[in-house]
Student: 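Sharing a structure, written as structure tokens. Questions coming.
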Amino acid sequence: MGSLQGVSSEGVEKKLSRKADQARQARARHKQFVAELQEQAEMLHKRCRELEAEDRAAAVCEGLQQALSPSQCAALEQWLRASQGEDHMLRRYTLPPLPPMP
């Protein structure tokens, strides 16, 4: 701070009060910014976990299709369609989709 000669104590108090208010506002903005970053980080971590789970599910589905005979695959798909509907896990996690059953 510069020299305070010739400045009333009232003026100094106002200046200090404004400075304190600005510091409080800056801390509040920083706190909000950090909270938003933490929220974004948590959302990204969640999305990573979802993608990892999808990758594991795709690997399991692919392994199943390779291990099962065509008739076993057809039976599995029929069971999945009955229990999970048309958007069952083999359709979601494998490319290309299984051919339609005859």
Side-chain angles (χ1 to χ4, degrees):
M1 224 189 248
S3 172
L4 295 178
Q5 292 175 342
V7 177
S8 71
S9 64
E10 209 175 284
V12 171
E13 286 180 29
K14 283 183 181 180
K15 184 173 183 176
L16 290 175
S17 177
R18 278 194 312 271
K19 207 171 171 184
D21 285 342
Q22 289 171 346
R24 259 192 303 279
Q25 290 172 359
R27 287 190 300 273
R29 282 192 307 269
H30 179 73
K31 185 177 179 180
Q32 179 65 30
F33 175 71
V34 169
E36 289 172 6
L37 286 178
Q38 288 173 330
E39 186 178 323
Q40 288 175 2
E42 182 54 38
M43 288 184 339
L44 290 172
H45 284 296
K46 181 181 176 186
R47 182 64 180 139
C48 285
R49 289 189 299 270
E50 289 170 355
L51 291 172
E52 288 169 352
E54 286 178 15
D55 191 42
R56 285 191 301 273
V60 167
C61 289
E62 186 177 320
L64 273 174
Q65 287 182 319
Q66 290 174 356
L68 299 175
S69 69
S71 63
Q72 289 172 322
C73 279
L76 176 61
E77 184 179 6
Q78 184 178 16
W79 178 80
L80 287 171
R81 189 180 294 124
S83 64
Q84 297 180 0
E86 287 299 320
D87 188 33
H88 56 77
M89 65 181 285
L90 287 179
R91 291 238 187 251
R92 278 193 304 261
Y93 298 120
T94 58
L95 290 176
L98 295 171
M101 294 196 38

Student: If you round to the nearest 0.5 Å, how far is NE2 of H30 from CD of Q32?
Tutor: 11.5 Å
Student: From L76 CG over to R81 CZ, what is the distance, rounded to the nearest 0.5 angstrom?
Tutor: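 Between atom CG of L76 and atom CZ of R81 there are 11.0 Å.
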Student: Inspect the contact between K46 and E39 and indicate whether a charged nitrogen and a carboxylate oxygen are less than 4.0 angstrom apart.
Tutor: no
Student: Just do the side-chain contact (heavy atoms from CB on, under 4.5 Å) check on E52 and D55 with the steps written out, would you?
Tutor: CA-CA 5 Å; E52 288 169 352; D55 191 42; 5.5 Å; no
Student: From M43 CE over to C48 SG, what is the distance, rounded to the nearest 0.5 angstrom?
Tutor: 12.0 Å
Student: Within this structure, what is the CD-SG distance for the pair Q66 and C61, rounded to the nearest 0.5 Å?
Tutor: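 So the gap between those two atoms works out to 11.5 Å.
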Student: Report the distance from atom CD of E13 to atom NZ of K15, rounding to the nearest 0.5 Å.
Tutor: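 If we round to the nearest 0.5 Å, E13:CD and K15:NZ are 14.0 Å apart.
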Student: For the atom pair CD (E86) and CG (L80), what is the distance rounded to the nearest 0.5 Å?
Tutor: 11.0 Å
Student: Please determine if E50 and R47 form a salt bridge, counting it only when a charged side-chain N lies under 4.0 Å from a carboxylate O.
Tutor: yes
Student: Under 4.0 Å between a side-chain nitrogen and a carboxylate oxygen: does that hold for R18 and D21?
Tutor: no
Student: Heavy atoms only: give me the nearest C73-L64 pair and the separation to one decimal.
Tutor: SG-O, 4.5 Å
